[in-house]
Trainee: 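Structure below; questions to follow.
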2 protein chains.
Amino acid sequence: MARSNHQETQTVLRHWQEDVPDDRLAHLIRDAGRVLTKSLQTRLSEHSVSFGHWSFLRILWVTEGLTQRELSEEAGLMEPTTFTALKAMEANGLIERRQLNGNRKNIHIYLTQRGRDLKKTLVPLAEEINEIAVKGVDDDDLQVTRRTLLKIISNLANANE
Amino acid sequence: MARSNHQETQTVLRHWQEDVPDDRLAHLIRDAGRVLTKSLQTRLSEHSVSFGHWSFLRILWVTEGLTQRELSEEAGLMEPTTFTALKAMEANGLIERRQLNGNRKNIHIYLTQRGRDLKKTLVPLAEEINEIAVKGVDDDDLQVTRRTLLKIISNLANANE
DNA sequence: TGAAAATACTTAGATATAAAAGCATTTGGC
DNA sequence: GCCAAATGCTTTTATATCTAAGTATTTTCA
């Protein structure tokens, strides 16, 4: 598995060193995202946590009791995505879905002890990947990259208005 | 549709202007990729082309007759992804899958006239999105961003060895 | 030359994600 | 206080992608 993973990332790399198509920046950004996601996914799967669940755990480790909708906003994902992920996480014993104060509409999400405990195991994995990813990159360059990506997101947000 | 798209990208934006979690660079890269993909997807769908099909059209506009495996490599995607996409593209009349020279193993992919003609329509869409995305960004910053992303991909490729 | 190895495609099943539409509940204004 | 609008969750359906495993074909080499 590490093997084919390696081959795959090598392929992505070679691709980028060779031909440079017209919409290359978009393509490059997507590829980087894919490699990052896959690296995390591989490590998380050793703890039976999927990438999608990680996104919500991260938020819940900071704030429990949010509604599904609030979680969607925080995660930047659509509600059906959130819904499906949370249902699975409930089934896996990572969270509980509770209705409070007689309100039958809002569903609040709380971690189980198991979900809470995973923080200590999983956060270091993400930090490790970040360290690996940016090794040898100037801090200045990272700043520029962050700024550029934010600008791209903002430009497209306004254009899709 | 443009509306909810807008709201969604706005949500992503707000998210990034507010809290800054620990693995923020990875998250930021993925978000940028998602916004870029969605922008292209929206425009492509007006021509009944999905984003997945676009990836292969782009390659085929440069070189026809590649095998499925070669296309996978070029696109940086796994074979089942390629297989499924090409089957659908064949059904949509964008490509033809042919066996040559009595070789019953390799399948070579050719564009139909319709597939070929789409180039004039679709390439400008991608160019437009790129222009919008990088508007107001320094050329130098773009260079730095490209270099940084490449380095990230390369770092992770080596780490997954 | 015939069996083992390598190659190429295909199938099956899983995850991540979204759009659209439906249903139930709450809220706000008259 | 009631009804219309807004809100929040759920279902359905679709796309994009992967891993793992299966099948068929070609190549290699003993």
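Order of the sequence lines sets the chain letters (A, B, ...), proteins ahead of strands, with each chain counted from 1. These values consider heavy atoms only, across backbone and side chains, with no hydrogens, waters or symmetry-generated copies.
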Trainee: Is there side-chain contact between B/L77 and A/R34, with at least one heavy-atom pair below 4.5 Å?
Mentor: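 Touching, per the 4.5 Å side-chain cut-off.
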Trainee: Could you check how far CG of B/L77 sits from P of D/dT15, rounded to whole Å?
Mentor: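 Whole-Å distance recorded here is 17 Å.
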Trainee: Figure out the CE/C1' separation between B/M78 and C/dT15, and round it to whole Å.
Mentor: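 Those two atoms, CE and C1', are 16 Å apart.
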Trainee: To the nearest angstrom, how far is A/Q41 atom CD from C/dT15 atom P?
Mentor: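 After rounding, the gap between these two atoms is 10 Å.
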Trainee: For C/dA18 and A/T81 - does any side-chain N or O of the residue sit under 4.0 Å from the phosphate oxygens OP1/OP2?
Mentor: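 Yes.
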Trainee: Output every pair passing side chain to side chain donor-acceptor pair (under 3.5 Å) with a member in residues 82-95 of chain B, not counting sequence neighbours, ordered by first then second residue.
Mentor: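 Residue pairs passing side chain to side chain donor-acceptor pair (under 3.5 Å), neighbours aside: B/S72-B/T82.
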Trainee: Picking from C/dT11, C/dT25, C/dT7, which would you name as closest to the side chain of A/K105?
Mentor: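 Nearest to the side chain of A/K105 among the choices is C/dT25.
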Trainee: Please report the distance, rounded to the nearest Å, between NE2 in A/H108 and C1' in C/dT25.
Mentor: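 It works out to 13 Å between those atoms.
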Trainee: Can you list, in residue-number order, the parts of residues 82-104 of chain A that come under 4.0 Å of DNA chain C, counting heavy atoms only?
Mentor: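 Residues of residues 82-104 of chain A that come under 4.0 Å of DNA chain C are, in numerical order, A/G102, A/N103, A/R104.
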Trainee: Would you check if the side chain of A/N155 reaches a backbone N or O of B/K135 as a donor-acceptor pair within less than 3.5 Å?
Mentor: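 Side chain of A/N155 to backbone of B/K135: a pair is present.
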Trainee: Look at the side-chain N and O atoms of A/S50 and state whether any lies under 4.0 Å from the OP1 or OP2 oxygen of C/dA16.
Mentor: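 Affirmative; the distance criterion is met.
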Trainee: Whether the B/H53 and B/R58 side chains hold a donor-acceptor pair (N or O, under 3.5 Å, no angle test) is what I'd like checked.
Mentor: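 Distance-only check fails for B/H53 and B/R58.
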Trainee: Could you give all pairs that pass the ring pair (Phe, Tyr, Trp, His ring centres under 6.0 Å) test and reach residues 59-80 of chain A, with sequence neighbours left out?
Mentor: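 Found A/W54-A/W61.
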Trainee: Tell me the interatomic distance from B/L71, atom CG, to C/dA8, atom C1', rounded to whole angstroms.
Mentor: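 Distance check: B/L71 CG to C/dA8 C1' gives 13 Å.
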Trainee: Side-chain contact, heavy-atom cut-off 4.5 Å: B/T67 with B/L71?
Mentor: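 Contact flag for B/T67/B/L71 side chains = no.
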Trainee: Residues sharing B/Y110's hydrophobic cluster, by side-chain heavy-atom contacts under 4.5 Å among ILVMFWY, directly or via others?
Mentor: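 Listed partners: B/L100.
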Trainee: Select from A/N106 and B/P80 the residue whose nearest nucleotide in DNA chain C is closer to the 5' end of that strand.
Mentor: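 Closest to the 5' end, via its nearest nucleotide, is B/P80.
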Trainee: Within residues 59-70 of chain B, which residues have any heavy atom lying less than 4.0 Å from an atom of DNA chain C?
Mentor: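 Contacts with DNA chain C under 4.0 Å: B/T67, B/Q68, B/R69.
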Trainee: Between B/E79 and A/F51, which is nearer to the 5' end of DNA chain C once each is assigned its nearest nucleotide?
Mentor: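 Per heavy-atom nearest nucleotide, the more 5' residue is B/E79.
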Trainee: Between D/dT25 atom P and B/I107 atom CD1, what is the distance in whole Å?
Mentor: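 For the pair B/I107 CD1 and D/dT25 P, the rounded distance is 11 Å.
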Trainee: With respect to the phosphate group of D/dC18, does any side-chain polar atom (N or O) of A/R34 fall under 4.0 Å of OP1 or OP2?
Mentor: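 It does, given that an N or O in the side chain of A/R34 lies less than 4.0 Å from OP1 or OP2 of D/dC18.
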Trainee: Say whether B/I152 and A/I129 are linked into one hydrophobic cluster, either directly or through other cluster members, by side-chain heavy-atom distances under 4.5 angstrom.
Mentor: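 Same hydrophobic cluster.
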Trainee: According to the salt bridge (Lys or Arg N to Asp or Glu O under 4.0 Å) rule, which pairs have a member within residues 103-124 of chain A, sequence neighbours left out?
Mentor: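 Non-adjacent pairs meeting salt bridge (Lys or Arg N to Asp or Glu O under 4.0 Å): A/E64-A/R116.
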Trainee: Ignoring backbone atoms, establish whether A/R30 has a side-chain N or O less than 4.0 Å from OP1 or OP2 of D/dA16.
Mentor: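 No, outside the criterion.
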